[in-house]
Asker: 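What follows is a single structure, and I will ask about it in a moment.
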Amino acid sequence: MDAAFLQTLLPADAGVRITDVAIDPAGVAVQLATTADAAPCPQCRSASTAVHGRYRRTLRDRPCLGRPVRLLVTARKFVCRRADCPRRVFCERLPELTAPHAHTTGELADAHRHLGLALGGEGGARLAAELGLPTSPDTILRRVKDAPDEPTPRPRYVGVDDWATRKGHSYGTILIELERGTVIDLLPGRDGEAVKVWLAANPQVEVITRDR
DNA sequence: TTGTCTTGCGCAGAAAGCCC
DNA sequence: GGGCTTTCTGCGCAAGACAA
């Protein structure tokens, strides 16, 4: 596969260039090198050009032509020159490519998150394996939980039901927004007192139904 | 009984610090 | 700047709980 062609598939501001591409029994291995002259210290944000050393990162990415893709990144460590910064040495970040400590690219993490939102943990993991981006149900669920919360409009139509944290022992009250079918709150107890307080704080509610 | 989610734990790899 | 060690974090496995 042509490295120059593959370079066009990377975001222009990814901060890396492809140095080699190889196909082996494990899939496609893409060698990457970082390109920035300086990197900001994650602690004090001051830029440093003092390279301390290099290290290798391996990132799993979305498959190419049905083959698993590994990004083998040669990243650098920098020295933070600020005397008042507690961080002495830091690794350069690749925010357009991946998160700190991550083992996968942001693209692959997004794909896993979408599968989790659509199918849940187990189902998402099964389809992910079929699509060539295998992972565990745990990781699918983590991706969904880590996703930023979208702002929700204040509910107008609400369903009220009870639910058990431990059957026969302790119960609570669950509130469902009927327009979107999503859980909006969990309240302690099921005697109606907590619901009364919640409704007082949400005067925009127009319709309440029993059960979900 | 089956399928799914939650929780806890351990391993592997990334990041940081230190020495030369 | 290289190499090693330590610490931190992501990820997967296993067990248990729960709902259908």
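Excluded from the calculations below are hydrogen atoms, water molecules and symmetry mates; all remaining heavy atoms, backbone and side chain alike, are included. Within every chain, numbering begins at 1; the chains are lettered A, B, ... in the order of the sequence lines, protein sequences first and strands thereafter.
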Asker: How many Å lie between CD on A/E122 and C1' on C/dA17, as a whole number?
Answerer: 14 Å

Asker: Could you state the atom-to-atom distance from CD of A/E92 to P of B/dA16 in whole Å?
Answerer: 11 Å

Asker: With distance as the sole criterion, is a donor-acceptor pair present between the side chains of A/R62 and A/T105 under 3.5 Å?
Answerer: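 Checked: A/R62/A/T105 side chains show no N/O donor-acceptor pair below 3.5 Å.
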
Asker: Using whole Å, what does the distance between atom P of nucleotide B/dA14 and atom CG of A/L94 come to?
Answerer: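 To the nearest whole Å, that distance equals 12 Å.
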
Asker: Is there a side-chain contact between A/V21 and A/V28 (heavy atoms, below 4.5 Å)?
Answerer: yes

Asker: Between C/dG12, C/dG1, B/dC5, spot the one nearest the side chain of A/L141, thanks.
Answerer: B/dC5

Asker: Between A/R142 (CZ) and B/dC5 (C1'), how many Å, whole number?
Answerer: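 Atom-to-atom, A/R142 to B/dC5, this comes out as 13 Å.
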
Asker: Using atom CG of A/L115 as one end and atom P of B/dT4 as the other, report the distance to the nearest whole Å.
Answerer: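 Going from A/L115 (CG) to B/dT4 (P), I get 14 Å.
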
Asker: Does A/T58 make a side-chain N or O approach to OP1 or OP2 of B/dG13 shorter than 4.0 Å?
Answerer: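 For A/T58, the contact criterion (side-chain N or O under 4.0 Å from OP1 or OP2 of B/dG13) is not met.
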
Asker: Whole Å only: how far is the CZ atom of A/R126 from the C1' atom of B/dC5?
Answerer: 13 Å

Asker: Should A/F90 and A/C80 count as side-chain neighbours, where that means a heavy-atom distance under 4.5 Å?
Answerer: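 They are in contact (side-chain heavy atoms under 4.5 Å apart), so the answer is yes.
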
Asker: Side-chain N or O of A/R76 versus OP1/OP2 of C/dG1: is the shortest distance under 4.0 Å?
Answerer: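 No.
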
Asker: Taking only N and O in the side chain of A/R60, is any of them less than 4.0 Å away from OP1 or OP2 of C/dC11?
Answerer: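 The answer is no; no side-chain N or O of A/R60 sits under 4.0 Å from OP1 or OP2.
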
Asker: Any idea which of C/dG12, B/dA16, B/dA14 is nearest the A/C91 side chain?
Answerer: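 Nearest to the side chain of A/C91 among the choices is B/dA16.
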
Asker: Could you tell me whether the side chain of A/K77 has a donor or acceptor atom within less than 3.5 Å of a complementary atom in the base of B/dA16?
Answerer: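 Indeed, a donor on one side and an acceptor on the other fall under 3.5 Å apart.
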
Asker: Enter the distance from A/L127:CG to A/L133:CG here, rounded to the nearest 0.5 Å.
Answerer: 8.0 Å

Asker: Could you tell me the separation between the CZ atom of A/R143 and the P atom of B/dC5, rounded to a whole number of Å?
Answerer: 16 Å

Asker: On DNA chain B, check which nucleotide each of A/V89 and A/L59 is closest to and give me the residue with the more 5' one.
Answerer: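 The residue closer to the strand's 5' end, by nearest nucleotide, is A/L59.
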
Asker: For C/dG12 and A/T135 - does any side-chain N or O of the residue sit under 4.0 Å from the phosphate oxygens OP1/OP2?
Answerer: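 Checking C/dG12 against A/T135, a side-chain N or O does come within under 4.0 Å of OP1 or OP2.
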
Asker: Of A/L94, A/L71, A/D20, A/L72, which is the lone residue that meets side-chain contact (heavy atoms from CB on, under 4.5 Å) with A/L32?
Answerer: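 Single side-chain contact (heavy atoms from CB on, under 4.5 Å) partner of A/L32 among A/L94, A/L71, A/D20, A/L72: A/L71.
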
Asker: Establish whether the base of C/dC13 is bridged to the side chain of A/D138 by a donor-acceptor pair shorter than 3.5 Å.
Answerer: yes

Asker: Output the rounded distance in Å from NE2 (A/H103) to P (B/dA12).
Answerer: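 Nearest whole value for this atom pair: 12 Å.
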
